[in-house]
Structure formats: C-alpha cells, structure tokens
Protein chains: 2
Amino acid sequence: MTRQAHYEELARQLSAVGVVKREIARMLPYDCPGGSAGVLTLLDRHGEMRMSRLAELLAVDTSVTSRHVAHVAERGWIERLPDPADKRSRILRLTPAGRDKLAELHRRSTRLLADRLSHWSDDEVGELVRLMGRLRESFDDCRAGPRPPRTPPQAAAPVPPDTGTDITTPRTPAKRT
Amino acid sequence: MTRQAHYEELARQLSAVGVVKREIARMLPYDCPGGSAGVLTLLDRHGEMRMSRLAELLAVDTSVTSRHVAHVAERGWIERLPDPADKRSRILRLTPAGRDKLAELHRRSTRLLADRLSHWSDDEVGELVRLMGRLRESFDDCRAGPRPPRTPPQAAAPVPPDTGTDITTPRTPAKRT
DNA sequence: TATTGTTATACTCTATAACTATA
DNA sequence: TATAGTTATAGAGTATAACAATA
C-alpha cells in the first residue's frame, strides 16, 4: 500500500467516523449537546480559564465558544467571574452542578463505549487514543505557527489555573478557499 | 491507565478530531462540500448502486443521502439511471466529470495530509487507518443487528456492482433520548 | 488602536415527518 | 400494505462580520 493510498484511506476514515460521533451525540442528555460537553470537559481538565483560552482548546472561533459557554452558564454548570486583571475578560469556572453533569456524561459515554468496544484489547484502545491525539497535535501545530517543542512527559499533576495570557493563535482557525 | 480512563479519553479525542475534519472541509472545492465528496468517493469504491445502498454506506438517513445525491447530480458528476428491476429505484453511477472531480479531491486531500503528517512513519499512518476502520465497524455492527462474521481477507479485487438488494438496515440510524 | 467577548447572519450536516410513486 | 425515494422543517455546529467595552 502506497503512502498516497494511505492518505486517501485516512481521509475516508475521517469522514466515516461521523457515524461514531453521531451515536455519541445521541447518547448525550437532552439539555447537554456536544458543544456543552466539550466546554465542561475542558474546564475540568485544565481548570478555570478565560474565553479565549477555551476557544483555543476547543479549536473553534470565539463566537462559537461564546454560544456554548452561554448555554452551560444558563444552566448553572459554570460561573463567569470577572477577571481582576482585565475588565474585558471573564474567568470561567466549573460549578458543583457542572461536575455532577460531567459525571453523568462520563457514565453515559463509558457505558456506550464499553458496549461497542467490548471485544477490543486494552492495548488497541490505548493505541487508538494515542494515534488520534497525535493526529490532532499534528494539525494543531500548523495552526498557530511554530510552537515550543512538546513538553517532556511529566507526572500527571493537576494542571494549574490557566488564564491564557500567552495566546498567539489567530482569532479564527482559517477560511475555506 | 484504567479501561475507564481510556474510554473517557477516547470520547474526548473523538470530539477533538473535529478540528481535523474542519480543516479537510475547508480544503474542499467551493462547489463540492463534504457530503458531495462522500457520495463520489463511495460510488468510486463500490461501483454503481441504489440510493438505499448508498445511504447505508454513508450511515445517514435516506433523506440526507437524497440531498447530497441531488447536489452532485445537478453538477453532472453522477447519473441517476432507471432501475429496470424496480421503477421506484434509481441506479447511481459516476460520470467522467465525476471522476475528474474525484481526482481533484484526492490531489487536495493528499497535499494537506502529506504536509501535516510529514513526520509520521508509514506504519503509524497505516495503524491509525486500521484502528479507525475497526472503530467504525464496531459501531456499524450494532446498527443493523447481528451480521455475518467478517468476510475473510481476500485479494483486493474490484468490487462488483452492488444493487443493494440485501438491505436489512432500519431506515433511520437512531434517535436521541 | 488593538483586544476581549457578544450578537446577527448564513451555511453545512443531520433527523423527523409527510408525501408520491411503485411493488 | 409495504417500500424507494423526495421534500419540508427543525436543530446542532461552525464561520464571518459588525459591534460594545476595555486596554
């Protein structure tokens, strides 16, 4: 199989995983669509942060982020606190209700995946996760110009609050030609 | 890392590959959005077929398939021929113009992936393709009830025209709870 | 002037339901 | 009655552009 054939096959598979994403979307609670789930997940992983930092992690425009954030804030799953260092900015923080919702999301997604991937080995699941993460990184690296080399592996420590003051990403991901 | 943690990470990565899909979508020709590209690709791979068979391969509802097919037919990239065996049905077939468009799609996607994945090894690309294909299969297998065991590996022969008379899939993928 | 975040608008993809033509 | 395909409508996700408030 040539490299070219692999690329075409990869493009096809990327299109075809849509069916998996849709099935996950259907399993979500009625009041928590995918965009909301993404916001909650990232705030849980990275700690409180500003809108702009969240938009960078979601890899979508700030206008999209603003809508998703408004949705979860209306339901009390996050707080939007004033940033003492910059009155334009708002600090986003998960609430206890948000953590409850997140726990529900984890229960649901784990149940679905455990059912569908029951015949997979641990190694295969781990390898898929690793390669998909690397795929995303390979695309991310090209969005914001050259970046510092990957941080060396560290003990998984709680991520310190990130106010996102080091953002160099262009405001919008890109534009279709 | 526990199995549960792997599942949560996989759910996260599935959400995050959206950025890759969007970048591919932006690279598409202006008159050929992702849905059209999917139609052309599948007709090229599997040969001429009916709407219902294409909907099954795309893993979307027939109404969605109908719209994508109308789009590519309006541009002359496929023909919709009457089915002599069933006047309700239509046979879809790629035209020479459709093959030209497909060649353009391949040039574009290959250029993008070659740029982004230049530092990947052939083995890694192949492994990602394999695991994503398996992921999709693991979900597909649960959509249409139990299926015959996986066809044993065969020499990659041209797929014969498929009129899709063996369809047992429910009309619509599923519904959100 | 530049930046942060919000809102209005438009486009793509998808599902549901109602409909027609035919089996 | 059941099936193949089409169309109308609605919802989710996204990008672009214009805007208000602040730096």
Side-chain angles (χ1 to χ4, degrees), chain A residues 15 18-19 21-26 28 30-39 49-56 58-71 73 80 82-92 163-165 167-177, chain B residues 15 18-19 21-26 28 30-39 49-56 58-71 73-74 80-92 163-165 167-177:
Chain A
S15 164
V19 65
K21 291 193 67 175
R22 290 195 294 278
E23 195 150 345
I24 290 179
R26 278 191 293 268
L28 293 173
Y30 204 82
D31 56 353
C32 185
S36 299
V39 169
M49 67 183 78
R50 309 199 306 177
M51 291 287 310
S52 51
R53 170 64 172 152
L54 180 59
E56 187 190 18
L58 288 171
V60 297
D61 190 81
T62 57
S63 64
V64 177
T65 306
S66 185
R67 287 187 51 162
H68 291 329
V69 163
H71 183 95
R80 287 188 278 196
D83 182 348
D86 185 340
K87 286 183 184 168
R88 295 172 302 181
S89 181
R90 308 173 84 167
I91 304 292
L92 310 177
T163 54
T165 50
I167 293 169
T168 56
T169 315
R171 180 184 176 90
T172 286
K175 174 181 177 180
R176 181 161 159 196
T177 54
Chain B
S15 163
V19 65
K21 292 192 66 175
R22 290 196 294 280
E23 196 150 345
I24 289 179
R26 278 192 293 269
L28 293 173
Y30 203 82
D31 57 353
C32 185
S36 300
V39 170
M49 67 183 76
R50 309 199 306 178
M51 292 288 310
S52 51
R53 170 65 173 153
L54 180 58
E56 187 190 19
L58 287 171
V60 296
D61 189 81
T62 58
S63 64
V64 176
T65 305
S66 186
R67 286 188 52 161
H68 291 330
V69 163
H71 183 93
E74 283 162 11
R80 287 188 278 196
L81 309 169
D83 181 348
D86 185 340
K87 286 183 183 169
R88 297 171 301 179
S89 180
R90 308 173 82 168
I91 305 292
L92 310 176
T163 53
T165 50
I167 294 170
T168 57
T169 315
R171 180 186 177 88
T172 286
K175 176 181 179 180
R176 181 161 160 195
T177 54

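Note that this is a predicted model, so its numbers are computed, not measured. The sequence lines fix the lettering, A, B, ..., with proteins before strands; numbering per chain opens at 1.
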Review point. With no hydrogens and no angle check, is any side-chain donor or acceptor of A:H71 less than 3.5 Å from a backbone partner on A:D31?
Key: yes
Practice item. Show the numbers, then the answer: is there a side-chain contact (heavy atoms from CB on, under 4.5 Å) between A:R22 and A:V19? Key: CA-CA 5 Å; A:R22 290 195 294 278; A:V19 65; 3.9 Å; yes
Short side-chain N/O contact to [N] OP1/OP2 from [X], under 4.0 Å:
X	N	value
A:S89	C:dG5	yes
A:S52	C:dG5	yes
A:R90	C:dG5	no
B:R50	D:dT3	no
A:H68	D:dT14	yes

[atom1] of [X] versus [atom2] of [N]: gap in Å, rounded?
X	N	atom1	atom2	result
A:L28	D:dA12	CG	P	11 Å
A:M49	C:dT4	CE	C1'	16 Å
B:D61	C:dT12	CG	P	20 Å
A:H71	C:dT7	NE2	C1'	18 Å
B:R22	D:dT16	CZ	P	11 Å
A:E56	C:dG5	CD	C1'	16 Å
A:D31	D:dG11	CG	P	16 Å
B:R88	D:dT6	CZ	P	13 Å

Point to revise | Along DNA chain C (nearest heavy atom to each residue), the more 5'-positioned of B:D86 and B:L58 | key: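 Per heavy-atom nearest nucleotide, the more 5' residue is B:L58.
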Check your understanding: Toward the 5' end of DNA chain C, which comes first, A:G18 or A:A70, by nearest nucleotide?
Key ->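 The 5'-side residue here is A:A70.
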Check your understanding: Should A:L92 and A:R80 count as side-chain neighbours, where that means a heavy-atom distance under 4.5 Å?
Key ->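 Yes - at least one pair of side-chain heavy atoms lies under 4.5 Å apart.
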Exercise for review: Measure the shortest side-chain to side-chain distance between A:L54 and A:H68 over non-hydrogen atoms and say whether it is less than 4.5 angstrom.
Suggested key: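 They are not in contact (no side-chain heavy atoms under 4.5 Å apart), so the answer is no.
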Exercise for review: Could you check which of D:dA12, D:dT6, C:dT16 has an atom nearest any side-chain atom of A:P33?
Suggested key: D:dA12
Practice item. From the options C:dA15, C:dA8, D:dT6, select the nucleotide whose nearest atom is closest to the side chain of B:M51. Key: D:dT6
Review point. Over its full length, what angle do the end axes of the helix from C:dT1-D:dA23 to C:dA23-D:dT1 make, each axis taken from five pairs and the result rounded to 10 degrees?
Key: 10°
Exercise for review: Have a look at A:R67 and say if it touches a base, only the backbone sugar-phosphate, or nothing, with a 4.0 Å heavy-atom cut-off.
Suggested key: base
Practice item. Start with the C-alpha distance between A:T65 and A:V39, add both sets of side-chain angles, then the distance that settles side-chain contact (heavy atoms from CB on, under 4.5 Å), and finish with yes or no. Key: CA-CA 8 Å; A:T65 306; A:V39 169; 5.7 Å; no
Check your understanding: What's the spacing between B:M51 CE and B:R88 CZ if we round to 0.5 Å?
Key ->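 Here the interatomic distance stands at 14.0 Å.
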Point to revise | Stepwise side-chain contact (heavy atoms from CB on, under 4.5 Å) check, B:V69 with B:R90 | key: CA-CA 11 Å; B:V69 163; B:R90 308 173 82 168; over 6 Å; no
Point to revise | Residue whose nearest DNA chain D nucleotide is more 5′ - A:G35 or A:K87 | key: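 Counting from the 5' end, the first nearest nucleotide belongs to A:G35.
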Review point. A:A85 or B:S66: which one's nearest nucleotide on DNA chain D is closer to the 5' end?
Key: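 Residue closer to the 5' terminus by nearest nucleotide: B:S66.
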Review point. How far apart are the C-alpha atoms of A:M49 and A:I91, what are their side-chain angles, what is the distance that settles it, and do they pass the side-chain contact (heavy atoms from CB on, under 4.5 Å) test?
Key: CA-CA 5 Å; A:M49 67 183 78; A:I91 304 292; over 6 Å; no
